[in-house]
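Here the structure is a predicted model, which means the values were calculated and not measured.
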Amino acid sequence: MLLTIKNLQKQFNQRAILKGIDFHVEKGEVVVVIGPSGSGKTTLLRNLNFLEHADQGTMQFLDQTIDLAKPTKEQQQWVRRHTAMVFQNYNLFKNKTAVQNIAEGLIYGQGIERGEAVKKAQVALTKLGLGERADYYPSQLSGGQQQRIGIARATVLKPKIILFDGPTSALDPELVGAVLNDMRRLADEGQTMVVVTHQMSFARNVASRVVFFADGKILESGTPEQIFDHPQHERTRQFLASLAENY
Ligand SMILES: Nc1ncnc2c1ncn2[C@@H]1O[C@H](COP(=O)(O)OP(=O)(O)OP(=O)(O)O)[C@@H](O)[C@H]1O
Ligand SMILES: [Mg+2]
């Protein structure tokens with residue numbers, strides 16, 4: 001198992017948001033997390049790389065076991081070095097160009113010399129068909145292009161796992177396809193991914209496993225067929241029906 005989380009608990013202002021999550025990801029899996037707004041999906045991902053700090057729980061990642069309530073600095077840095085996150089709102093540096101945004105993590109995260117890092121970033125952009133956009137600033141790029149650069153920024157770091165938090169939810173519908181294509185290609189290359197998304201066709205076609213998250217808990221998890229065609233919980237059925245209406 002690449003990543004195993006046990007009994008992850010998190011409160012905000014004395015309100016329980018994550019109520020004892022058990023969660024695991026195998027190498028090469030694409031785990032799609034679905035669930036209602038406010039159920040704690042973002043909080044879950046943020047706890048996995050210490051953007052947020054859990055009250056309780058353990059993480060087994062690669063060969064290390066980490067007490068999530070009191071991770072050491074070294075453990076946090078180590079987990080961050082081997083994971084990457086793609087955000088709903090891209091989170092690109094506004095004052096850096098596309099190529100600089102991608103190179104940044106290589107330089108500061110991995111100590112690669114700047115010239116070399118820029119070369120790698122340029123290769124990544126070219127592979128995406130965004131080579132001519134290398135010197136554009138985020139404000140000069142479409143949301144879809146910004147997100148694709150966000151994904152390239154995560155990918156060049158060669159993380160063991162990439163956490164995607166609603167990567168297409170801020171995009172105009174016609175920009176969604178290109179981003180999902182990048183993600184699908186990554187999945188085909190064997191990249192391990194956890195993806196919070198309501199893109200059902202992506203979930204159906206790419207997910208190895210779908211996890212339904214509601215009210216701070218995992219209610220059920222299974223293959224796309226199990227969750228979409230034979231959900232076990234009424235809450236899951238309700239949620240899927242609301243998706244069918246709204247998407
Ligand atoms: N920093 C914070 N301080 C206080 N409450 C927070 C904080 N972050 C999240 N919450 C609360 O935790 C709950 C879960 O939020 P979270 O963002 O994880 O939901 P989500 O499942 O990602 O929702 P969405 O689908 O809308 O993105 C919400 O009630 C939210 O208000
Ligand atoms: Mg969220």
When you group the ILVMFWY residues by side-chain heavy-atom contacts below 4.5 Å and let the links chain together, are [Y] and [X] in the same group?
X: Leu240; Y: Val31; answer: no
X: Leu3; Y: Leu68; answer: yes
X: Val79; Y: Ile21; answer: yes
X: Val25; Y: Ile162; answer: no
X: Val118; Y: Ile112; answer: yes

Can you give each donor-acceptor pair under 3.5 Å made by side-chain atoms of residues 120-131, sequence neighbours left out, with the distance rounded to 0.1 Å?
| residue | atom | partner | partner atom | Å |
| --- | --- | --- | --- | --- |
| Gln122 | NE2 | Gly131 | O | 3.4 |
| Thr126 | OG1 | Gln122 | O | 2.8 |
| Lys127 | NZ | Glu189 | OE2 | 3.4 |

Note to self: Checking Asn181 against Arg148 for the side-chain contact (heavy atoms from CB on, under 4.5 Å) test, could you report, in this order, the C-alpha distance in whole Å, the side-chain angles of both residues, the deciding distance, and whether it holds?
What the structure shows: CA-CA 10 Å; Asn181 273 342; Arg148 298 180 66 208; over 6 Å; no

Closest non-hydrogen atom pair, [X] against [Y]:
X: Met183; Y: Val195; answer: CE-CG1, 3.6 Å
X: Ala207; Y: Pro224; answer: O-CG, 3.6 Å
X: Ala69; Y: Asp55; answer: CB-O, 3.3 Å
X: Val196; Y: Pro167; answer: O-CD, 3.4 Å
X: Val86; Y: Gly150; answer: CG2-O, 4.0 Å
X: Leu18; Y: Gly40; answer: CD2-O, 3.5 Å

Rounded at 0.5 Å granularity, tell me how far [atom1] in [X] sits from [atom2] in [Y].
X: Leu219; Y: Thr236; atom1: CG; atom2: OG1; answer: 5.5 Å
X: His198; Y: Ser37; atom1: NE2; atom2: OG; answer: 8.0 Å
X: Lys10; Y: Asn47; atom1: NZ; atom2: CG; answer: 6.0 Å
X: Ile218; Y: Phe23; atom1: CD1; atom2: CZ; answer: 6.0 Å
X: Leu62; Y: Met1; atom1: CG; atom2: CE; answer: 13.0 Å
X: Leu180; Y: Gln147; atom1: CG; atom2: CD; answer: 10.0 Å

Find out whether [X] and [Y] are in side-chain contact, i.e. whether some heavy atom of one side chain is under 4.5 Å from a heavy atom of the other.
X: Phe212; Y: Pro231; answer: no
X: Thr42; Y: Gln88; answer: no
X: Arg153; Y: Leu92; answer: yes

Notebook entry, point to check: Phe164 and Ile151: side-chain contact (heavy atoms from CB on, under 4.5 Å), yes or no, with the steps?
Noted result: CA-CA 9 Å; Phe164 292 83; Ile151 293 171; 3.9 Å; yes

May I ask you to decide if [Y]'s main-chain N or O and [X]'s side chain share a donor-acceptor pair within less than 3.5 Å?
X: Ser208; Y: Val30; answer: yes
X: Arg80; Y: Asn49; answer: yes
X: Asp22; Y: Asn7; answer: yes
X: Thr168; Y: Leu171; answer: no
X: Gln77; Y: Glu74; answer: no
X: Gln56; Y: Gln9; answer: no
X: Arg184; Y: Phe202; answer: no
X: Glu220; Y: Gln232; answer: yes
X: Lys41; Y: Gly35; answer: yes
X: Gln75; Y: Thr72; answer: yes

Margin query: Evaluate Met59 against Ile5 for side-chain contact (heavy atoms from CB on, under 4.5 Å), listing each step before the verdict.
Written below: CA-CA 5 Å; Met59 169 190 284; Ile5 299 291; 3.9 Å; yes

Margin query: Do Gln238 and Arg235 pair up side chain to side chain, a donor and an acceptor below 3.5 Å, judged on atom types alone?
Written below: yes

Note to self: For a quick check under 3.5 Å, do Glu29 and Thr192 share a side-chain donor-acceptor pair by atom type?
What the structure shows: no

Margin query: Walk me through whether Met200 and Ile34 qualify under side-chain contact (heavy atoms from CB on, under 4.5 Å).
Written below: CA-CA 9 Å; Met200 289 302 129; Ile34 60 172; 3.9 Å; yes

Next item on the list: Assess the pair His233 and Phe239: is the distance between their ring centroids shorter than 6.0 Å?
Entry: no

Next item on the list: Would you mind listing every ring-ring contact (aromatic ring centres under 6.0 Å, His included) that reaches into residues 72-104, with sequence neighbours excluded?
Entry: Phe61-Trp78, Trp78-His82

Margin query: As a quick check of understanding, evaluate salt bridge (charged side-chain N to carboxylate O under 4.0 Å, His left out) for Arg185 and Asp188, giving each step before the final call.
Written below: CA-CA 5 Å; Arg185 192 164 54 227; Asp188 289 344; over 6 Å; no

Check: Which ILVMFWY residues can you reach from Tyr108 by hopping between side chains whose heavy atoms are under 4.5 Å apart?
Finding: Ile107

Checklist line | Leu157 and its side chain to side chain contact (heavy atoms under 4.5 Å, CB included) partner, picked from Leu106, Ile102, Thr83 | finding: Leu106

